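The structure displayed is predicted, hence computed values, not measured ones. Note that these values count all heavy atoms, side chains included, but never hydrogens, waters or copies made by symmetry. We count residues from 1, following the sequence as given.
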Amino acid sequence: MQKSLLATLTALGILAVAPFALANPIEIQVNNTMSEGGSESAAVERFAEYLEEQAPGRFNVRPFLAGSLGGEDSVLELLNLGQTQLSLTGGNWRQQYAPEYDAITVPFLFTTWDEVDNYIDSPSGQTLIEQAEQQGGLKFLGVQHRGPRHMTANKEIRTPDDLQGFRLRLPSLPIWLEVWQEVGAQVVNVPAPEIYLAMQTRQVDGHENSLSSPYTRRLWEVQDYLITTSHVQFPWSWVASARWWEGLDEEDQALITEAVDVARAHGTEQERELDDFYLGALQEEGMTVVEPDIEAFREAAMPAIDRVLSEMADGVRDDAISASQVSD
């Protein structure tokens, strides 16, 4: 899949040999763990296009998709060492370098993107970025929105009361396990490739993920309901190697920052369109969409949310609660 995107960029002239006047173009490897075809590769392609539009031949953008240089942690290490340049990465950088400021990972705390953006702009959010930059050797360039995480279920769920005895498949993230147990679910750890079989055999009653999961896994065959909990807004983040970044001149830094901003907006819009497509397609396949009582879930989760936030740095809880009330 990477070869296809490379071919596209080559056809656009983005990977062509630079003019003699620019015999040494700036190489930018852009890493992401997702395969081609989603909003992530669309954003990477737009990033490369914009740089070529603004400065033909100045930059040589090379996409590395589907984790071709390793998983997120491996790429973070390469960024720290200055051995790769740029990554559109998930939440590992927050948990690895500034976990005591990472309120974004807590389920049911932020249920809209406005709330997440407000937390990032808060003193705690800015300290998260600064600490991650210092400890991880990163230059933070901004977030790109992803589809929110929802539930699928074999029964209608509107309030936490409907979760009694409900076996929910979750990834092994301690914070997520604690919050969902507080809400009332019986959490079950099933490897991702086994999700369909676990539902088919009734080992689990449902799972949570972005809408691409039930669509690509054909979960309408084993699940009847889509519960739009929007319980985690988990952004992509554009981060650069600080070692590499500091070696660029200010004009190139400014142009790369502009290109990232254009790419983030494009990727966010592509993700929104994909999410709308997945929602419609899942309904066409027979899944019933249920809009639950989000505030009831948030209220039920609050004891666990308070425990998690109390273990974070001073000020995080106040900033997080303030940001989470932005849409009230």
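For the pair R149 and F110, the cation-pi criterion (under 6.0 Å, within 45° of the ring axis) is not fulfilled.
Here the side chain of S213 pairs no donor or acceptor atom with the backbone of S210 at under 3.5 angstrom. Side chain of E182 to backbone of P303: no donor-acceptor contact under 3.5 angstrom is found. Remark: side-chain polar atoms of Q144 are not paired, donor with acceptor, to backbone N or O of W236 under 3.5 angstrom. The backbone N or O of G38 lies less than 3.5 Å from a partner atom in the side chain of S41, making a donor-acceptor pair. Looking only at distances, a side-chain donor or acceptor of R264 sits under 3.5 Å from a matching main-chain atom of V143. Judged purely by atom type and a 3.5 angstrom limit, Q186 has no side-chain atom pairing as donor or acceptor with the backbone of L168. Distance alone, capped at 3.5 Å, is enough to place a donor-acceptor pair between the S324 side chain and the I321 backbone. Side chain of Q223 to main chain of A153: a donor-acceptor pair is present (N/O by atom type, distance under 3.5 Å, no hydrogens or angles). Under a 3.5 Å cut-off, the side chain of E271 and the backbone N or O of S39 do not form any donor-acceptor pair. Side-chain atoms of Q131 come within 3.5 Å of backbone atoms of Y97 as a donor-acceptor pair (strictly under, hydrogens ignored).
Between the OG1 atom in T201 and the CG atom in L197 there is a gap of 5.0 Å [rounded to 0.5 Å]. Put simply, OG1 on T229 and CG on D293 are 12.5 Å apart, with the number rounded to the nearest 0.5 Å. With values rounded to the nearest 0.5 angstrom, D318 atom CG is found 9.5 Å from L309 atom CG. Here the straight-line distance linking atom CD of Q126 with atom CD1 of I120 works out to 8.5 Å at 0.5 Å rounding. Separation of atoms NE2 (H266) and CD (Q270) is listed at 4.0 Å; rounding is to 0.5 Å. If you take NZ on K139 and CD on E246, they are separated by 9.0 Å, rounding to the nearest 0.5 Å.
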Exercise for the section: Would you sort out whether E208 and H150 count as a side-chain contact (heavy atoms from CB on, under 4.5 Å), showing the intermediate values? Expected result: CA-CA 5 Å; E208 60 76 55; H150 302 295; over 6 Å; no

Exercise for the section: Applying side-chain contact (heavy atoms from CB on, under 4.5 Å), run through V262 and R46 and close with a yes or a no. Expected result: CA-CA 7 Å; V262 169; R46 185 67 190 107; 3.8 Å; yes

Handout entry: Worked check of salt bridge (charged side-chain N to carboxylate O under 4.0 Å, His left out) between D306 and R317
Key = CA-CA 8 Å; D306 279 334; R317 185 187 184 283; 2.8 Å; yes

Exercise for the section: Assess whether side-chain contact (heavy atoms from CB on, under 4.5 Å) is satisfied between R202 and V222, documenting all intermediate values. Expected result: CA-CA 9 Å; R202 298 302 184 186; V222 289; over 6 Å; no

Handout entry: Verdict with supporting geometry, D224 and K155, side-chain contact (heavy atoms from CB on, under 4.5 Å)
Key = CA-CA 7 Å; D224 294 326; K155 68 174 186 177; over 6 Å; no

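When all heavy atoms are compared, the tightest approach of Q181 to V187 is NE2-CG2, 3.4 Å. A43 and A263 get closest at one heavy-atom pair: O-CB, 3.3 Å. Minimum interatomic distance between V232 and P107 (heavy atoms only, all atoms of both residues): CG2-CA, 3.8 Å. Scanning both residues, D261 and L141, for their nearest heavy atoms gives OD1-O, 4.2 Å. Across all their heavy atoms, P292 and I157 have their closest contact at CB-O, 4.0 Å. Taking each heavy atom of G147 and D275 in turn, the nearest pair found is CA-OD2, 3.8 Å.
You'll find the side chain of T89 stays beyond 4.5 Å of the side chain of W238, heavy atoms only. Residues Y225 and M287 form no side-chain contact, since every pair of their non-hydrogen atoms from C-beta on lies 4.5 Å or further apart. For the pair R58/P25, no side-chain contact is recorded, criterion being any heavy-atom separation below 4.5 Å from C-beta on. Inter-residue side-chain proximity for N154 and F166 is flagged as met; some heavy-atom pair is nearer than 4.5 Å. The shortest side-chain heavy-atom distance between P214 and W220 does not fall under the 4.5 Å cut-off. At a threshold of 4.5 Å between non-hydrogen side-chain atoms, the residues V316 and Y119 count as touching. By the 4.5 Å heavy-atom criterion applied to side chains, L51 and I28 are counted as neighbours. Between F59 and L255, the closest side-chain pair of non-hydrogen atoms falls below 4.5 Å.
Hydrophobic clustering (ILVMFWY, side-chain heavy atoms < 4.5 Å, transitive): L163 and I175 are in one cluster. Under a hydrophobic clustering in which Ile, Leu, Val, Met, Phe, Trp and Tyr are joined whenever their side-chain heavy atoms come within less than 4.5 Å, directly or via other members, V290 and L279 fall into different clusters. Linking ILVMFWY residues whenever their side-chain heavy atoms come closer than 4.5 Å, directly or via other members, places L173 and L76 in the same cluster. Residues L274 and F234 do not share a hydrophobic cluster, defined by chaining ILVMFWY side chains whose heavy atoms lie under 4.5 Å apart. M34 and L211 fall into different hydrophobic clusters, defined by Ile, Leu, Val, Met, Phe, Trp and Tyr side-chain heavy atoms under 4.5 Å apart, directly or through other members.
In summary, the side chains of T105 and D102 do present a donor paired with an acceptor at a separation below 3.5 Å, with no hydrogens or angles considered. Looking only at atom types and distance, the side chain of Q29 has a donor-acceptor partner in the side chain of T84 under 3.5 Å away. Between the side chains of N31 and S87, no donor N or O sits under 3.5 Å from an acceptor N or O.
Aromatic ring centres of F108 and W176 lie farther apart than the 6.0 Å criterion allows. Ring pair F140/W93: centre-to-centre distance below 6.0 Å.
A salt bridge does not link D205 with R169: every distance from a Lys NZ or Arg NE/NH1/NH2 to an Asp or Glu carboxylate oxygen is 4.0 Å or more. With respect to the salt-bridge test (charged N to carboxylate O, under 4.0 angstrom), the residues E291 and R158 do not qualify. Comment: R298 engages E115 in a salt bridge, judged by a side-chain N to carboxylate O separation of less than 4.0 angstrom.
The number of heavy atoms from other shown groups lying within 6.0 Å of CD (E250) does not exceed 12. For N189, the CG atom is densely surrounded, since the number of other residues' heavy atoms within 6.0 Å is greater than 12. Around atom CD of Q96, more than 12 heavy atoms belonging to other residues, nucleotides or ligands sit under 6.0 Å away.
Relative orientation of the W113 and H145 rings is parallel, given thresholds of 30° and 60° on the angle between their planes. In this pair, Y215 and Y278 present their aromatic rings tilted. The plane angle is within the 30 to 60° band.
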